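Below is one structure. I have some questions about it.
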Amino acid sequence: MANRPIRKWRCGNFEVAVWLNSKEKNGFKTEFKTVSLTRNYKKRDENIWRSEQINFRRLDIPKVEILLHKIKEDLFMNVSNEEGGETNE
C-alpha cells in the first residue's frame, strides 16, 4: 500500500499535503505529521511538466509563515514606480 497524504489542498500550480508518519524508537511507535509544499511548472522550451517540493515539520510552519508575510509586505508595500523608479515607502 502506497503512502498517501491524509489531507491535500491545491491553489493554482501549488499543492500542500499533510502526511502521517511513524517512527519506532526504544520499542515504541510514535506518529507525527509532516507537510509537503509542491510547485508544478512547465518550462517554456519543453513540453514536460516538472515539480519542486519542500517538506516541513509542524514546528517549521510558523517560521515559514512569518518569512512569507515579511516578503509579501516588502514586495507589495515597496513597489517601484515603473516610470520614475521611486518606491512607495
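This is a predicted model, so every value here is computed, not measured.
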**OP:** Provide the closest heavy-atom pair for Leu37 versus Phe14 in the form atom of the first, atom of the second, distance.
**Re:** CD1-CD2, 4.3 Å

Subject >> Ring-face cation contact, Phe56 with Arg58, 6.0 Å cut, 45° max >> reply: no

Original post:
Do the non-hydrogen side-chain atoms of Asn40 and Thr38 ever get within less than 4.5 Å of each other?
Top reply: yes

**OP:** Please round to the nearest 0.5 Å and tell me the distance separating atom CD of Gln53 and atom CZ of Arg39.
**Re:** 13.0 Å

**OP:** Return yes when atom CD of Glu65 has more than 12 non-hydrogen atoms of other residues, nucleotides or ligands closer than 6.0 Å, and no otherwise.
**Re:** no

**OP:** Determine, stepwise, if the pair Glu24 / Lys29 fulfils salt bridge (Lys or Arg N to Asp or Glu O under 4.0 Å).
**Re:** CA-CA 4 Å; Glu24 192 170 323; Lys29 183 179 175 182; over 6 Å; no

Subject >> Nearest heavy-atom neighbours spanning Ser36 and Trp19 >> reply: OG-NE1, 2.8 Å

Original post:
Do Lys8 and Val18 have side-chain heavy atoms sitting under 4.5 Å apart?
Top reply: no

Original post:
Atom CD of Glu73 and atom CG of Leu68: how far apart are they, to the nearest 0.5 Å?
Top reply: 11.5 Å

Subject >> CD1-OG1 distance between Ile61 and Thr34, expressed to the nearest 0.5 angstrom >> reply: 9.0 Å

**OP:** Check whether more than 12 heavy atoms from other residues, nucleotides or ligands sit under 6.0 Å from atom CG of Asn47, and answer yes or no.
**Re:** no

Original post:
Which is it for Trp9 and Glu15 under the side chain to side chain contact (heavy atoms under 4.5 Å, CB included) test, yes or no, and what are the steps along the way?
Top reply: CA-CA 6 Å; Trp9 297 270; Glu15 179 178 280; over 6 Å; no

**OP:** Find out whether Leu20 and Glu31 are in side-chain contact, i.e. whether some heavy atom of one side chain is under 4.5 Å from a heavy atom of the other.
**Re:** yes

Original post:
Do Val35 and Asn55 touch side chain to side chain, with heavy atoms closer than 4.5 Å?
Top reply: no

**OP:** Provide the closest heavy-atom pair for Lys42 versus Ile48 in the form atom of the first, atom of the second, distance.
**Re:** CG-O, 3.6 Å

**OP:** Find out if a path of hydrophobic residues (ILVMFWY) with successive side-chain heavy-atom gaps under 4.5 Å connects Val16 to Ile6.
**Re:** yes

Subject >> Sidechain-backbone polar pair: Asn78 side chain, Leu75 backbone, donor-acceptor under 3.5 Å >> reply: no

**OP:** Hey, could you give me the CD1/CZ distance between Ile71 and Phe76, rounded to the nearest 0.5 Å?
**Re:** 10.0 Å

Original post:
Above 12 or not: heavy atoms from other molecules or residues under 6.0 Å from OH of Tyr41?
Top reply: yes

